[in-house]
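Take a look at the structure below.
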Amino acid sequence: MLVVQVGIPLALYYGLRNTIGVVYALVISGIPPVLWVIVNFVRKHKIDALGCIISLSFILSGVISIVTGDARAALIRDSAVGAVIGGFFLVTLIPINTQWLVLRPLTYIIGEQMMGGMEYEWTDREGIPRQQSIVAWQFDHIRFFRWSMRLQTLAWGVFLVLELVACVLFVETTDLSTDDIVKYNNIINAVVISVMTTVSITASLYGRKLVMEFGKEWTKENDFTEKFERQRTEQEQEEGQQQYQDSNGYTTIHAENIV
């Protein structure tokens with residue numbers, strides 16, 4: 001649930017950082033996602049990957065924030081926090097599929113959380129009802145969607161790490177003032193976010209078209225809901241006719257006996 005995993009941690013961080021300091025604010029902000037991971041594990045016996053990532057991001061950011069120095073060093077610290085998050089983007093590209101943890105690209109995980117509750121339902125060849133989240137179904141069956149999630153996750157991870165590299169180069173190899181470094185960092189962030197947002201929207205629009213086309217073909221070949229509903233309706237009609245005939249037969253025999 002994004003409110004617990006993202007909304008509350010951000011609210012705690014921005015609400016507490018000026019009161020108790022950045023370090024403690026970051027550590028406390030990581031507590032709600034940790035509790036959510038524990039509750040989710042108890043209920044579903046699975047580890048919530050997104051909750052773990054967000055928790056560790058806040059906690060590691062708090063550790064990084066312990067580093068002190070002048071304003072230029074503080075800039076590197078702030079970029080290091082983004083690099084930590086970028087590192088988690090890259091880690092989620094490792095294909096892990098166990099009983100306790102299923103790890104998929106972070107953009108996929110975020111998408112599934114945002115579309116939580118939206119299920120695709122069908123009936124297989126054996127007549128067994130099946131259901132799966134729409135995002136999971138797309139990831140399992142549509143190659144373009146899988147590669148889109150992986151490439152977007154890779155891009156976000158690389159860009160966030162490169163932001164730290166750029167900041168270090170600005171601080172250590174140039175005579176730029178702190179204000180200039182902040183300005184250039186903001187320009188880089190704005191360009192990266194704009195490019196990635198455009199790419200995400202474009203991929204989503206193109207992917208939606210593919211999903212519609214592929215979904216129709218896949219449904220024809222794998223969804224037997226109409227077939228089994230038709231069989232069930234025919235069976236109910238036959239049973240109803242049989243009951244009607246039995247009832248009429250019983251009435252006739254009973255009348256003859258009376259006569």
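Please read these numbers as outputs of a predicted model, since none were measured by experiment.
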>> Tell me whether T225 contacts the main-chain N or O of T123 through its side chain, where contact means a donor paired with an acceptor under 3.5 Å.
In response: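 Judged by distance alone, yes, a pair lies under 3.5 Å.
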>> Donor-acceptor check, side chain of E121 to backbone of Q131, threshold 3.5 angstrom: yes or no?
In response: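 No; judged by distance alone, with no hydrogens or angles, the pair does not exist.
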> Taking only residues two or more places apart in sequence, or in another chain, which ones meet R130 in a salt bridge (Lys or Arg N to Asp or Glu O under 4.0 Å)?
Replying inline: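 Applying salt bridge (Lys or Arg N to Asp or Glu O under 4.0 Å) to R130 gives D124.
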Would you kindly confirm whether [X] and [Y] end up in one hydrophobic cluster when ILVMFWY residues are joined by side chain heavy atoms under 4.5 Å apart?
{"X": "W137", "Y": "I128", "result": "no"}
{"X": "F88", "Y": "L162", "result": "no"}
{"X": "L151", "Y": "I109", "result": "no"}
{"X": "I187", "Y": "V195", "result": "yes"}
{"X": "V165", "Y": "F159", "result": "no"}

Is any side-chain heavy atom of [X] less than 4.5 Å from a side-chain heavy atom of [Y]?
{"X": "V158", "Y": "F89", "result": "no"}
{"X": "E119", "Y": "I134", "result": "no"}
{"X": "F145", "Y": "F214", "result": "no"}

From [X] atom [atom1] to [Y] atom [atom2], the distance as rounded to the nearest 0.5 Å:
{"X": "L90", "Y": "I85", "atom1": "CG", "atom2": "CD1", "value": "12.5 Å"}
{"X": "I142", "Y": "W147", "atom1": "CD1", "atom2": "CH2", "value": "16.0 Å"}
{"X": "R104", "Y": "D140", "atom1": "CZ", "atom2": "CG", "value": "4.5 Å"}
{"X": "E221", "Y": "K216", "atom1": "CD", "atom2": "NZ", "value": "14.5 Å"}
{"X": "L210", "Y": "R143", "atom1": "CG", "atom2": "CZ", "value": "12.5 Å"}
{"X": "M149", "Y": "L106", "atom1": "CE", "atom2": "CG", "value": "10.5 Å"}

Which heavy-atom pair separates [X] from [Y] by the least distance, and what is that distance?
{"X": "F139", "Y": "R150", "answer": "CZ-NH2, 4.2 Å"}
{"X": "V161", "Y": "G86", "answer": "CG2-C, 4.3 Å"}
{"X": "V135", "Y": "G111", "answer": "CG2-O, 3.9 Å"}

> Other than F228, what residues sit in its cluster of Ile, Leu, Val, Met, Phe, Trp and Tyr side chains whose heavy atoms are under 4.5 Å apart, directly or through others?
Replying inline: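 Noted: F228 shares its cluster with F224.
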>> For a side-chain contact (heavy atoms from CB on, under 4.5 Å) check, start with the C-alpha distance between H141 and Q132, then their side-chain angles and the critical distance, and finish with the verdict.
In response: CA-CA 12 Å; H141 296 96; Q132 189 177 27; 4.1 Å; yes
>> Just by distance, no angles: are the side chains of Y108 and S148 close enough, under 3.5 Å, to form a donor-acceptor pair?
In response: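 No, no side-chain donor-acceptor contact under 3.5 Å.
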>> Test: side chain to side chain donor-acceptor pair (under 3.5 Å). Region: residues 194-211. Which pairs qualify, not counting sequence neighbours?
In response: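 Of all non-adjacent pairs touching residues 194-211, those that pass side chain to side chain donor-acceptor pair (under 3.5 Å) are Q152-S200.
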> When the aromatic ring centroids of Y120 and W122 are compared, is their separation below 6.0 Å?
Replying inline: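 Close enough - the centres of the two rings lie under 6.0 Å apart.
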